[in-house]
Enquirer: 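Once you've had a glance at the structure underneath, I'll fire off some questions.
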Amino acid sequence: MGQHDAEADDETELASLALKILVAGGFGVGKTTLVGAVSEIRPLRTEELLSEAGELVDDTDGVDQKTTTTVAMDFGRITIRSGLSLYLFGTPGQDRFWFMWDELSQGALGAVVLADTRRLEDCFPAVDYFEHRRIPFVVAVNCFTEARHYGAAEVSLALDLEQGTPVVLCDARDKDSGKEVLIRLVEYAGRVHTARLLDSVEPQADSV
């Protein structure tokens with residue numbers, strides 16, 4: 001390989017952008033499924049079998065067939081387009097693992113909050129978490145076959161989301177559906193961060 005080729009490869013590597021995305025939501029909502037469906041690498045999973053000890057603290061109502069739970073995080077990667085990759089971190093759903101959220105959220109561009117209309121209240125804590133920390137997020141309604149279907153506007157109203165927060169319908173098992181959710185998040189988070197940057201420089205410009 002010549003020097004020109006090596007320099008070109010270095011420039012390509014420098015031009016590549018990797019963004020950190022969180023995938024959050026309640027217990028059994030489909031976070032591990034979504035990360036696994038869209039990841040182009042074999043996803044890292046930290047699932048353990050549900051135990052009798054967890055029965056007292058884990059609410060499995062509505063997800064009775066679930067036999068495992070994420071105890072640390074799920075990790076995957078997807079290339080959205082040339083030069084843009086997303087690193088996905090699926091968070092634990094149960095309250096007792098939430099001490100990890102602050103660590104996982106460091107440096108995140110934004111988050112996907114997965115919602116199940118059968119247990120919509122389960123995603124309230126994730127919505128509150130990201131709103132209070134001003135981390136841009138989209139709500140992705142995982143459309144389970146046996147669940148009643150609601151429109152995006154209905155879900156937004158039920159969750160009392162801040163104006164402009166996107167709500168999208170998806171199938172966490174489908175790669176293309178999951179990718180569309182991630183693209184929507186990147187676009188939204190990009191607009192939010194750009195607006196905040198402009199807000200931060202405008203007072204300085206006025207003072208000159």
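Along the sequence shown, residues are numbered consecutively beginning with 1. Just so it is clear, the structure is predicted and the values come from calculations on it, not from any experiment.
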Enquirer: I need the minimum non-hydrogen distance between V35 and G76, along with the two atoms involved.
Expert: CG1-N, 3.8 Å
Enquirer: Looking only at heavy atoms, which two atoms of A18 and Y87 are closest? And how far apart?
Expert: CB-CE1, 3.1 Å
Enquirer: Who are the ring pair (Phe, Tyr, Trp, His ring centres under 6.0 Å) partners of F137, not counting sequence neighbours?
Expert: none
Enquirer: Please determine whether residues F144 and V168 belong to a single hydrophobic cluster, defined as Ile, Leu, Val, Met, Phe, Trp and Tyr linked transitively by side-chain heavy-atom distances below 4.5 Å.
Expert: no
Enquirer: I'd like to check the side-chain contact (heavy atoms from CB on, under 4.5 Å) partners of A108; sequence neighbours left out, ordered by chain and number.
Expert: K20, L22
Enquirer: Can you tell if the side chain of R134 reaches within under 4.5 Å of the side chain of V192, non-hydrogen atoms only?
Expert: no
Enquirer: Could you give the distance from OG (S85) to CD1 (I41), rounded to the nearest 0.5 Å?
Expert: 10.0 Å
Enquirer: As an exercise, state the distance from NE2 of H149 to CD of E154, rounded to the nearest 0.5 Å.
Expert: 12.0 Å
Enquirer: For E40, give me all partners under salt bridge (charged side-chain N to carboxylate O under 4.0 Å, His left out), at least two apart in sequence or on another chain.
Expert: R77
Enquirer: With rounding to the nearest 0.5 Å, note down the distance linking CG in L120 to CG in D122.
Expert: 8.5 Å
Enquirer: Of the non-hydrogen atoms in V181 and A140, which two are nearest, and what is the gap between them?
Expert: CG1-CB, 3.9 Å
Enquirer: Below 4.5 Å, heavy atoms only, C-beta onward: do L159 and C123 meet side chain to side chain?
Expert: yes
Enquirer: Does one hydrophobic cluster hold both V167 and Y150, with members joined at side-chain heavy-atom distances below 4.5 Å?
Expert: yes
Enquirer: Looking at D116, is its backbone amide N or carbonyl O close enough to the side chain of N142 to form a donor-acceptor pair, meaning the two atoms are under 3.5 Å apart?
Expert: no
Enquirer: Are any of the side-chain heavy atoms of S105 and Y129 separated by less than 4.5 Å?
Expert: yes
Enquirer: Flag the pair V113 / V138 as yes when at least one side-chain heavy-atom distance between them is below 4.5 Å, and no otherwise.
Expert: no
Enquirer: Look at the side chain of K31 and the backbone N and O of G26, then say whether any donor-acceptor pair between them is shorter than 3.5 Å.
Expert: yes
Enquirer: Does anything in residues 167-176 pair up under side chain to side chain donor-acceptor pair (under 3.5 Å), and if so which pairs, sequence neighbours excluded?
Expert: D171-R173
Enquirer: Could you state whether I183 and L34 fall into the same hydrophobic cluster, counting links through intermediate Ile, Leu, Val, Met, Phe, Trp or Tyr residues with side-chain heavy atoms under 4.5 angstrom apart?
Expert: yes
Enquirer: Does anything in residues 181-198 pair up under side chain to side chain donor-acceptor pair (under 3.5 Å), and if so which pairs, sequence neighbours excluded?
Expert: none
Enquirer: State the CG-SG distance between L114 and C170, to the nearest 0.5 angstrom.
Expert: 5.5 Å
Enquirer: Quick one: are T79 and R81 in side-chain contact, heavy atoms under 4.5 Å?
Expert: no
Enquirer: Going by side-chain contact (heavy atoms from CB on, under 4.5 Å), name the residues that satisfy it together with A24, two or more places apart in sequence or in a different chain.
Expert: T91, W101, A126, F130
Enquirer: Could you tell me whether the side chain of S200 and the main chain of L197 form a donor-acceptor pair under 3.5 Å?
Expert: yes
Enquirer: Atom CD1 of I21 and atom CG of L109: how far apart are they, to the nearest 0.5 Å?
Expert: 4.5 Å
Enquirer: Over all heavy atoms of both residues, which pair between V29 and A115 is shortest? Give the atoms and the distance, please.
Expert: CG2-C, 3.6 Å
Enquirer: Apply side-chain contact (heavy atoms from CB on, under 4.5 Å) to residues L182 and V38 and explain how you reach the verdict.
Expert: CA-CA 10 Å; L182 296 171; V38 302; 4.1 Å; yes
